[in-house]
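Order of appearance sets the numbers: ligands from 1, and atoms from 1 within every ligand. Below, all heavy atoms of this structure are taken into account, side chains as well, without hydrogens, waters or symmetry copies.
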Amino acid sequence: MQARLLTTAPEKAEADALILPIFEGQSTLPPEAAALDRKLKGAITQLLADREFRGKFMELVPVHNLNTLPSKWTVLVGVGKAQELDMVRLRNVLQSAGRVLRKRGHRRVTVLLPKDVAARAGAADVARAVTEGIGLSNFDVGSLKTRHEQAVTQISTLSIVGLDGDKAASAAVKDAVVLADATNRIREWVNAPANAFTPTVFVEKVKEAVKGTGLDLKVLEVDDMRRLKMGALLAVARGSDEPAKMIVLRYSGGRKGGPMLALVGKGITFDSGGISIKPAQNMEMMKSDMGGGAAVVGAMLAIAELEPKINVIGIVPTTENMPSGKAIKPGDVVTGSGGKTIEIINTDAEGRLILSDGITYAVKEGATHIIDIATLTGSIVRTLGPLAIGAFGNDPPLMDRVRRAADLAGERIWELPTWADYDGLIDSEIADIKNSTVPWAGATTAALFLREFVEGRPWVHLDIAGSAWQDASELKTVPRGPTGSGVRVMAQLARLLAES
Ligand code: BES
Ligand code: MN
Ligand code: ZN
């Protein structure tokens with residue numbers, strides 16, 4: 001998709017669809033649309049006055065321009081109550097609207113931002129939200145259907161009217177295209193079924209994706225893992241016939257010896273639970289258990305294009321978690337690459353095991369800041385639902401930056417505690433630590449487990465088990481399917497760290 005700010009009047013814009021966002025309860029025409037409305041003989045004014053269109057969040061009413069304008073349709077899009085419109089909601093509503101328009105065959109879209117809508121945030125923030133929202137609409141989950149019509153039409157051009165020539169805003173538009181494209185690419189991967197997306201395929205996809213980006217790719221094979229004594233990752237991989245891999249991506253934008261941000265993502269291409277097997281209900285969703293690993297790759301791809309002045313290493317341990325005669329069993333004790341012994345209580349708590357070896361690798365490579373990201377716990381799904389990333393950390397300044405990065409990214413993050421009062425919960429009687437414990441605070445105890453491996457480095461853990469896949473049909477305000485959760489947060493974080 002191409003995107004730009006446009007300074008021509010909306011009634012002169014050539015487009016298939018001209019999106020006009022309108023607040024709830026607004027009964028008069030935004031002045032910016034006056035000339036447009038005159039051409040339409042007052043149609044919009046009338047729709048508003050008659051309450052045929054109320055501006056409710058996600059409401060969408062297309063009005064045909066009847067060849068009176070260079071654009072074909074004017075599309076009124078409700079953005080809800082003014083005080084409730086933040087940049088996450090603006091992205092969501094535009095993503096949904098974009099999807100509707102795409103299905104109607106529209107390729108060229110112009111968004112006309114009335115002043116009151118544009119004023120809900122700074123020009124750059126609004127530009128980013130609009131561009132990412134429309135960019136993200138260019139994704140759908142049906143790419144394996146043989147009659148795949150809706151994917152045929154993609155929005156190819158986006159023009160934004162109403163932010164004029166704001167410099168920061170035009171830069172934000174450019175970046176947003178990169179970020180939306182990177183996000184969409186990895187949504188495709190998260191959506192892919194596990195038979196078509198094994199660790200080996202994952203590596204192939206990454207090889208293809210990094211071509212020409214300048215990113216350096218190294219792949220650790222099972223033999224390398226043995227040499228490095230990655231007993232935790234190998235333990236999970238034992239049950240599967242598919243060989244495990246560890247993807248290592250490097251971006252060197254900073255000075256030698258300068259800060260190094262590590263992004264470590266869980267790449268379980270299918271999580272059956274292993275011997276502690278999961279119930280059949282919804283098990284098919286466990287094809288998306290590599291969402292954290294994919295997000296790391298997506299962030300690295302975006303970082304390579306955005307070129308922040310910092311060094312970043314992306315690490316993705318990837319394997320299936322399967323039951324078999326070779327699989328690890330509850331009660332087994334394994335040793336991670338950092339030397340800690342781990343008692344396996346539940347083979348379904350596999351994510352923290354493979355991440356622990358990924359984090360140790362990051363530490364050994366000299367990471368100064370560590371982010372890990374994973375579809376880690378059912379507990380975070382019950383806590384936050386699909387609406388937010390759960391965050392845990394050991395360093396308030398880094399957590400603050402992650403929060404700012406999430407603001408820029410238009411992704412919701414909520415911090416949960418790691419108070420010392422929780423200490424001891426993951427102690428094992430026979431080994432150093434255990435991978436599963438009390439039936440409460442499950443997202444927290446998973447975070448405590450990971451913290452054991454960061455060697456005191458500033459660290460934030462992002463649990464995206466809820467946010468990676470939006471499937472609650474009850475929520476009409478959020479687009480459904482794989483979301484690409486975390487890609488933009490991590491890319492924006494790299495930029496913030498580079499600036500400081
Ligand atoms: N991949 C799951 C977590 C998950 C659950 C992701 C639902 C997406 C949706 C993870 O490996 C897991 O099974 N976690 C267990 C840990 C428990 C056994 C300690 C969980 O949260 O139930
Ligand atoms: Mn599991
Ligand atoms: Zn899992």
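Any protein N/O/S atom under 2.8 Å from the Mn ion (ligand 2) was counted, giving 4 altogether. With a cut-off of 2.8 Å, the protein N/O/S atoms near the Zn ion (ligand 3) add up to 4.
Judged purely by atom type and a 3.5 angstrom limit, Ser240 has no side-chain atom pairing as donor or acceptor with the backbone of Ala237. Between the Lys266 side chain and the Thr375 main chain, a donor and an acceptor come within less than 3.5 Å of each other. Checking side-chain atoms of Thr318 against main-chain N and O of Ile268 turns up no donor-acceptor pair under 3.5 Å. No side-chain donor-acceptor contact under 3.5 Å links Asn435 to the backbone of Ile344.
Ion pair Asp332/Lys329 flagged as a salt bridge, since at least one NZ, NE, NH1 or NH2 atom sits closer than 4.0 Å to an Asp/Glu carboxylate oxygen. Between Arg404 and Asp407, no side-chain nitrogen of the basic residue sits less than 4.0 Å from a carboxylate oxygen of the acidic one, so the salt-bridge criterion is not met. Taking the charged nitrogens against the carboxylate oxygens, Asp348 and Lys278 do have a contact shorter than 4.0 Å, which makes a salt bridge. A salt bridge links Arg451 and Asp423; the closest N-O separation between the charged side-chain nitrogens and carboxylate oxygens is under 4.0 Å.
Seen from the ring of Phe453, Lys340 counts as a face-on cation partner, given the 6.0 Å and 45° thresholds.
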Which atom pairs, one a donor and one an acceptor, fall under 3.5 Å between side chains of residues 436-449 and the rest of the protein, sequence neighbours left out?
from, atom 1, to, atom 2, distance (Å)
Thr437, OG1, Leu425, O, 2.8
Thr445, OG1, Ala441, O, 3.3
Thr445, OG1, Gly442, O, 3.2

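Between Asp140 and the choices Lys145, Lys103, Arg187, Arg102, the side-chain hydrogen bond (donor to acceptor under 3.5 Å, both in side chains) rule is met once, by Arg102. Checked against Asp175 for a salt bridge (charged side-chain N to carboxylate O under 4.0 Å, His left out), the options Arg488, Arg495, Arg128 give a single hit: Arg495.
The aromatic rings of Trp189 and Phe202 sit perpendicular to each other, their planes meeting at more than 60°, with 30° as the lower class boundary.
Closer than 4.0 angstrom to ligand 1 lie heavy atoms from Lys266, Asp271, Lys278, Met286, Asp289, Asn346, Asp348, Ala349, Glu350, Arg352, Thr375, Leu376, Thr377, Gly378, Ser436, Ala465.
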